[in-house]
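Letters A, B, ... mirror the listed sequences (proteins, then strands); counts begin at 1.
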Amino acid sequence: MQGYLLNIGTAAGKAAGRLGHGILLAKNTVTGPAFIETSLPNVYSHWGDFLAAMRDTLIMVLWAGGISFCLGLVLGVVLTVARPGGILENKPLYQVLDKIVNLFRSIPFIILLTALMPLSRLIMGTAIYVRGAIVPLVFGCTPFFIRQVEAALAQIDYGLIEAALSMGCSPLDVIVRVYLKESVGHIARATTITAISLLGLTAMAGAVGAGGLGDFAIRYGHDRNMTDITWTTVIVLVIAVSIVQTLGGWIAKKNTH
Amino acid sequence: MTDTEYVITGRAESPAFLFGGKALIELVNIVKEFKVTGRGEAVHAVNDVSLTVEDGDIFGIIGFSGAGKSTLVRCINLLGRPSSGQVIIDGRDMMSLSDKELREARKKIGMIFQHFNLMPSRTVEENVAFPLKGSGLSKDQIHKKVMKLLKLVEIDEKASVYPSQLSGGQKQRVAIARALANDPNILLCDEATSALDPQTTQSILQLIKKLNKELGLTVVVITHEMAVIKSICNKVAVMENGRVAESGDVFAIFTDPKQQITKNFIRTTSNVSKVYEFVENDAEVVRLKEGEVLAILHYRQPEDVSVPLISTASRRYEVNLNILFADVEIIDNKSIGDTVVILQGEGDNVSEAIKYLERHNLRVEVVKDARISA
């Protein structure tokens, strides 16, 4: 599903003739539904770009979010069990990982975007488009999520870990059956917060020509003073944030007793 | 009794007394150090402790907080590995086991905790089934076993409820059922009743006693309350500063405590100690007239309680014994008690009466003396 979206996304991006850095080579002629023609004239005339921007944002959030979720969960667990007093205490590993996380958390995302261009070319084959944004988004998002996971797991009472160990659980059992299972609610909340912050990061990814709603709003709404585009974008983002928040809250609630 | 219905392991057919006397848990010269961060020195939480728990015992370890008792009990299942010493359970040296062997061994040592430590996202049934994963039992067998265990601890009607909906006593019952899931022969109780009210404490203690009798379960009880020791244990070790100050049969310890800390603990359970307060505050009830003696009669032998010593002394030496108050306990099925009396009589009669009582194995502790010295 995600792979499909990514392929379609880049293909459509190319087809639309947009080659990054906000340069529009060929005007997208798709128009919006007739009822917005008078109320939102610019959104109407840039409807194709608007849809592409939404799709690009979605692809970036799903891909970068999906990868960050997996990486963050694993590394958050590693930090938790390797820390002094943890069930698989490993001081060197903990210290190194902890410092790396701090390092990436302190680099402003806009710098990360350009600094990681060579790495992005190496991994994804390009440093532009949606594909080019995935690597910096993952690097910007994962350390944040690692800390969120760490905080979520820290809420598990050590008594539960001790009880599981006393019942003959292996460290892996403890991780899966206690740490992860018992913190599903906390992790759902952490994921919500991270996903929404990632949505914010994708707006900046427009700087490498990835497109997306943020880029769309700046390019048209701000630079060309098309206020209706700015407002429409904001409303779409509000709706997106609300959906993520509601979904996260629902999962968290369902798993809290 | 419908014992057989509740038989989980089959061990119930051979009650504890049949194989009592065999050492089940042996702790030899256990030392547990904790490094104080920032400083080089180590703190000895447990300092050279040796204990033997026999099969079928309910062994109490009592001490104030910080005495090292919780650290010590964690040395039994190696939740906290001793810095040095030997842990031998059922003849096996626990410290030499591989990780995998240790995990298998832990399944035969149930443990319950002060704060129950139930998994909040799992129902009662799922909590009890937790240790049964990977046991090779089918889903159906697990369900049956869990329901049996829940019946055993009398909480089967709450099977589908989440722990947050249970009271403290109910949570501890579930925790006990969970601890018994792998048919252990040892149950470690780490302050298991310290978070419960007195009435619930009693019901949990009675449950533990029942399990000890019916399943032949050997129990180690960690507590800071002498009342807990008194009501279920047959042996006790008193811990202070990481060491065992005194240990032995509960009855012997209660009747003849040697160490000050033991005396302090016993005092907490007895009304008789109030007499010291009264004397200190010069209360009306302990004010003596000339020739009177205020004394505590400590009964040290179980037989003594049945002999009418007070009446006899009173008649024979023409003294009046005014019983102010008394505290008679049943410990390990034997009665033991202290009586606070005022002795009153002519001349040397009071002293003679005291000598008579002492001859009959009563310890007479004179608290306040208003005899006219000869």
Side-chain angles (χ1 to χ4, degrees), chain A residues 73 77 80-92 94-95 98 149 151-191 248-257, chain B residues 34-35 37 70 73-74 76-80 97 99-124 126-135 160-166 174-175 178-182 184 186-191 195:
Chain A
L73 206 56
V77 167
T80 304
V81 297
R83 70 165 52 249
I87 55 166
L88 292 171
E89 187 174 335
N90 186 329
K91 223 171 174 185
Y94 173 77
Q95 290 295 344
D98 186 58
V149 170
L153 299 185
Q155 299 203 29
I156 300 293
D157 182 356
Y158 191 74
L160 297 186
I161 310 300
E162 216 177 21
L165 290 174
S166 81
M167 289 183 266
C169 282
S170 67
L172 187 67
D173 284 335
V174 172
I175 289 169
V176 176
R177 302 184 63 203
V178 184
Y179 271 128
L180 294 180
K181 173 75 170 74
E182 292 300 323
S183 61
V184 170
H186 298 306
I187 290 174
R189 284 193 193 94
T191 308
W250 178 73
I251 295 173
K253 202 178 164 197
K254 235 186 145 227
N255 285 283
T256 312
H257 298 281
Chain B
F34 288 107
K35 293 254 158 26
T37 40
S70 281
V73 79
R74 278 163 178 70
I76 296 176
N77 58 5
L78 298 194
L79 274 186
L97 298 181
D99 286 353
K100 196 162 186 276
E101 287 170 328
L102 176 61
R103 290 200 289 271
E104 287 310 308
R106 277 177 180 162
K107 288 182 181 171
K108 295 295 174 192
I109 308 174
M111 188 168 187
I112 57 173
F113 306 84
Q114 179 174 4
H115 299 296
F116 325 119
N117 296 344
L118 297 176
M119 309 285 166
S121 79
R122 291 169 163 94
T123 63
V124 165
E126 287 164 345
N127 263 286
V128 179
F130 185 94
L132 290 172
K133 202 185 176 189
S135 62
S160 56
V161 154
Y162 285 94
S164 59
Q165 292 157 272
L166 298 177
V174 176
R178 182 177 68 174
L180 296 178
N182 276 308
I186 297 170
L187 179 66
L188 308 176
C189 309
D190 182 20
E191 298 274 12

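- Shown here for Met119(B) and Val178(A), the closest heavy-atom pair between the two residues is CE-CG2, 4.0 Å.
- Of the atoms belonging to Leu79(B), it is side-chain heavy atoms, and not backbone ones, that fall under 4.5 Å from chain A.
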Which atom pairs, one donor and one acceptor, sit under 3.5 Å between chain A and chain B?
residue, atom, partner, partner atom, Å
Gly159(A), O, Asn117(B), ND2, 3.0
Glu162(A), OE1, Arg74(B), NH2, 3.1
Glu162(A), OE2, Arg74(B), NE, 2.4
Glu162(A), OE2, Arg74(B), NH2, 3.4
Arg177(A), O, Arg122(B), NH1, 2.9
Arg177(A), O, Arg122(B), NH2, 2.9
Arg177(A), NH1, Phe130(B), O, 3.3
Arg177(A), NH2, Phe130(B), O, 2.8
Lys181(A), NZ, Ser121(B), OG, 3.4
Glu182(A), OE1, Ser121(B), N, 2.9
Glu182(A), OE1, Ser121(B), OG, 3.1
Glu182(A), OE2, Ser121(B), OG, 2.9
Glu182(A), OE2, Arg122(B), NH1, 2.6
His257(A), NE2, Tyr162(B), OH, 3.3

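- Contact of Phe116(B) with chain A is not made at all, since no heavy-atom distance falls under 4.5 Å.
- By the side chain to side chain donor-acceptor pair (under 3.5 Å) test, Asp98(A) pairs with Arg147(A), sequence neighbours left out.
- Looking at Leu118(B), only its backbone comes within 4.5 Å of chain A, counting heavy atoms on both sides.
- Taking Ala163(A), Cys169(A), Pro84(A) one by one and counting their heavy-atom pairs under 4.5 Å with chain B, the maximum is reached by Ala163(A).
- No other option in Pro163(B), Pro131(B), Ala179(B) has as many heavy-atom pairs under 4.5 Å with chain A as Pro131(B).
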